[in-house]
Amino acid sequence: MRTVDNETFLAELSALFKQNKGTVWLTHKRLTHDGADIAMTEGPTSTYDCLLRASNGDDVKFSTRIKPEELLKFHAIYGALLKSSMTSLRKRDKKREKQRAEQVVLRKQKLTQPIVLEGPKRGNGRRKRQRRLKAALKQAASLKKIGQ
């Protein structure tokens with residue numbers, strides 16, 4: 001992974017968004033040391049650099065260090081770049097999600113409606129009554145399973 005300055009990082013990130021049709025990984029974290037061990041006794045007044053990495057997962061990997069003084073300026077430019085790159089993302093299919101939610105509601109309503117067991121035990125309508133009886137038993141088992 002190569003380290004570049006902030007302007008180069010933003011330019012390469014913009015190019016990566018334009019050329020890449022797959023996933024881009026961005027990692028943003030606090031850089032706490034320069035390779036040496038660090039003592040945990042530092043007070044809250046300590047300032048740290050930020051490390052920002054970008055990768056497409058395969059061959060393109062680069063990073064930059066951002067000084068605390070430059071962080072606000074960098075984030076303003078970085079945020080604008082991310083917003084402009086998000087326009088090519090696909091929108092979620094809310095229609096399908098809504099359909100599934102409606103189906104779940106209908107199933108729950110069907111479970112709560114009582115099944116009427118009227119009709120003759122013999123003769124015409126006997127099979128219809130048997131199907132209703134079977135459906136009522138199945139409904140009772142489902143309600144018991146979900147805890148109602």
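In what follows, every heavy atom counts, from backbone to side chain, and hydrogens, waters and symmetry copies are set aside.
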Evaluation steps, side chain to side chain contact (heavy atoms under 4.5 Å, CB included), between Leu133 and Arg131 = CA-CA 5 Å; Leu133 185 62; Arg131 282 194 299 268; over 6 Å; no

In sequence, state the C-alpha distance, the side-chain angles, and the governing distance for Trp25 and Asn56, and then conclude on side chain to side chain contact (heavy atoms under 4.5 Å, CB included).
-> CA-CA 6 Å; Trp25 283 274; Asn56 69 350; 5.7 Å; no

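Heavy atoms only, all atoms of each residue included: Pro68 and Tyr48 are closest at CG-O, 3.2 Å. Closest approach of Gln109 to Thr112, counting heavy atoms only: O-OG1, 2.9 Å.
Of the options Gln130, Arg126, Arg129, a side chain to side chain contact (heavy atoms under 4.5 Å, CB included) to Lys121 is made by Arg129 and by none of the others.
The line from CD of Glu12 to OG of Ser63 is 10.0 Å long, rounded to the nearest 0.5 Å. A distance of 7.5 Å separates CG of Leu52 from CG of Leu13, quoted to the nearest 0.5 Å. Rounded to the nearest 0.5 angstrom, Lys83 NZ and Met86 CE are separated by 10.5 Å. One finds the CG atom of Leu82 at 10.0 Å from the NE2 atom of His75 (value rounded to the nearest 0.5 Å).
Between Arg53 and His28 the shortest side-chain heavy-atom distance does not fall below 4.5 Å. Contact of the Ile77 side chain with the Leu10 side chain is registered, since non-hydrogen atoms from C-beta on lie closer than 4.5 Å. A heavy-atom distance below 4.5 Å is not found between the side chains of Arg65 and Glu70. The side-chain heavy atoms of Asn6 and Thr8, taken from C-beta on, include no pair separated by under 4.5 Å. Contact check for Leu26 versus Tyr78: side-chain heavy atoms found under the 4.5 Å cut-off. Taking 4.5 Å as the limit, every side-chain heavy atom of Thr3 sits out of range of all side-chain heavy atoms of Phe9. No side-chain heavy atom of Leu71 sits under 4.5 Å from any side-chain heavy atom of Lys73. Counting heavy atoms from C-beta on, the side chains of Val24 and Ser55 never come closer than 4.5 Å.
The existence of a salt bridge linking Lys128 and Glu118 is excluded, since no basic side-chain nitrogen approaches an acidic carboxylate oxygen closer than 4.0 Å.
Around atom CG of Asn124, no more than 12 heavy atoms belonging to other residues, nucleotides or ligands sit under 6.0 Å away.
Each of Leu143 and Ile115 belongs to its own hydrophobic cluster when Ile, Leu, Val, Met, Phe, Trp and Tyr are linked at side-chain heavy-atom distances under 4.5 angstrom.
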Extract all donor-acceptor atom pairs below 3.5 Å that involve side chains of residues 134-141 and protein atoms in other chains or at least two apart in sequence.
from: Gln139; atom 1: NE2; to: Lys110; atom 2: O; distance (Å): 3.1
from: Gln139; atom 1: NE2; to: Leu111; atom 2: O; distance (Å): 2.5
from: Gln139; atom 1: NE2; to: Gln113; atom 2: O; distance (Å): 2.7

